[in-house]
2 protein chains.
Amino acid sequence: MTVEVEVTIKLKRGVTDPEGENTKKALNLLGFNNVHSVKSMKTFRIAIEGKEERDAVKYEVEEMCKKLLANPVIHDYKISVVK
Amino acid sequence: MTVEVEVTIKLKRGVTDPEGENTKKALNLLGFNNVHSVKSMKTFRIAIEGKEERDAVKYEVEEMCKKLLANPVIHDYKISVVK
């Protein structure tokens, strides 16, 4: 059985987000003047085989975040089992 | 009033995703051998001022996707009003 997990990695509050800021500027220049702010995030959708228990899967994905996917100095992450 | 919208931009089926593939390889090398696939996506959280009607907001964000955020040749996008 395959479980699919979505990991959303975003910058911590207070960390500058140049991609989001520049996207906001570009949208304003294109005429979307009511855009107040843009924040950029990264999402990974990970398919994991052989585990069925949601808690065990979440624990494993948290290990992946700690070891590879996120930088704890600047990133917050959210894990949600989608299927 | 401010409405917050999340736009998730992912690659269309059949478009190669080198970031996802390399993340999968790295996770396997780190010992997470039950990772079957990884797909990478980009999310923008956009705060829009002055509009209250959800349909009007969604329509405007769709215009943003067409004009700037997504490339229709390779990307699919999903818009959801979160607040």
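No experiment lies behind these values; they were computed from the predicted model shown. Chain letters run A, B, ... following the sequence lines, proteins first, then strands; residues in each count from 1.
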Residues in residues 68-83 of chain A near chain B [non-hydrogen atoms, under 4.5 Å]: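 A/Leu68, A/Leu69 fall under the 4.5 Å cut-off.
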Residues in residues 37-47 of chain A near chain B [non-hydrogen atoms, under 4.5 Å]: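 Listed by number, the contacting residues are A/Ser37, A/Val38, A/Lys39, A/Ser40, A/Met41, A/Lys42, A/Thr43, A/Phe44, A/Arg45, A/Ile46, A/Ala47.
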Pick from B/Glu4, B/Lys67, B/Glu19 with the largest number of heavy-atom pairs that fall under 4.5 Å of chain A: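 That would be B/Glu19.
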Choice from B/Met64, B/Glu6, B/Lys10 maximising heavy atom contacts with chain A below 4.5 Å: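 The candidate making the most pairs under 4.5 Å is B/Met64.
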Counterpart residues, side chain to side chain donor-acceptor pair (under 3.5 Å), relative to A/Glu62 (two or more places apart):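 A/Glu62 satisfies side chain to side chain donor-acceptor pair (under 3.5 Å) with no residue once adjacent residues are dropped.
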Engaged part of A/Glu63 at the chain B interface, taking heavy atoms whose separation is under 4.5 Å: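 A/Glu63 touches chain B through backbone and side-chain heavy atoms alike.
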Distance-only check: which donor-acceptor pairs under 3.5 Å involve side-chain atoms of residues 24-35 of chain A, not counting sequence neighbours?
from: A/Lys24; atom 1: NZ; to: A/Asn28; atom 2: OD1; distance (Å): 2.9
from: A/Asn28; atom 1: ND2; to: A/Phe32; atom 2: O; distance (Å): 2.9
from: A/Asn34; atom 1: ND2; to: B/Glu60; atom 2: OE1; distance (Å): 3.3

Same apolar cluster (I L V M F W Y, side chains within < 4.5 Å links), A/Ile9/A/Ile48: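 Per the 4.5 Å side-chain linkage, A/Ile9 and A/Ile48 are co-clustered.
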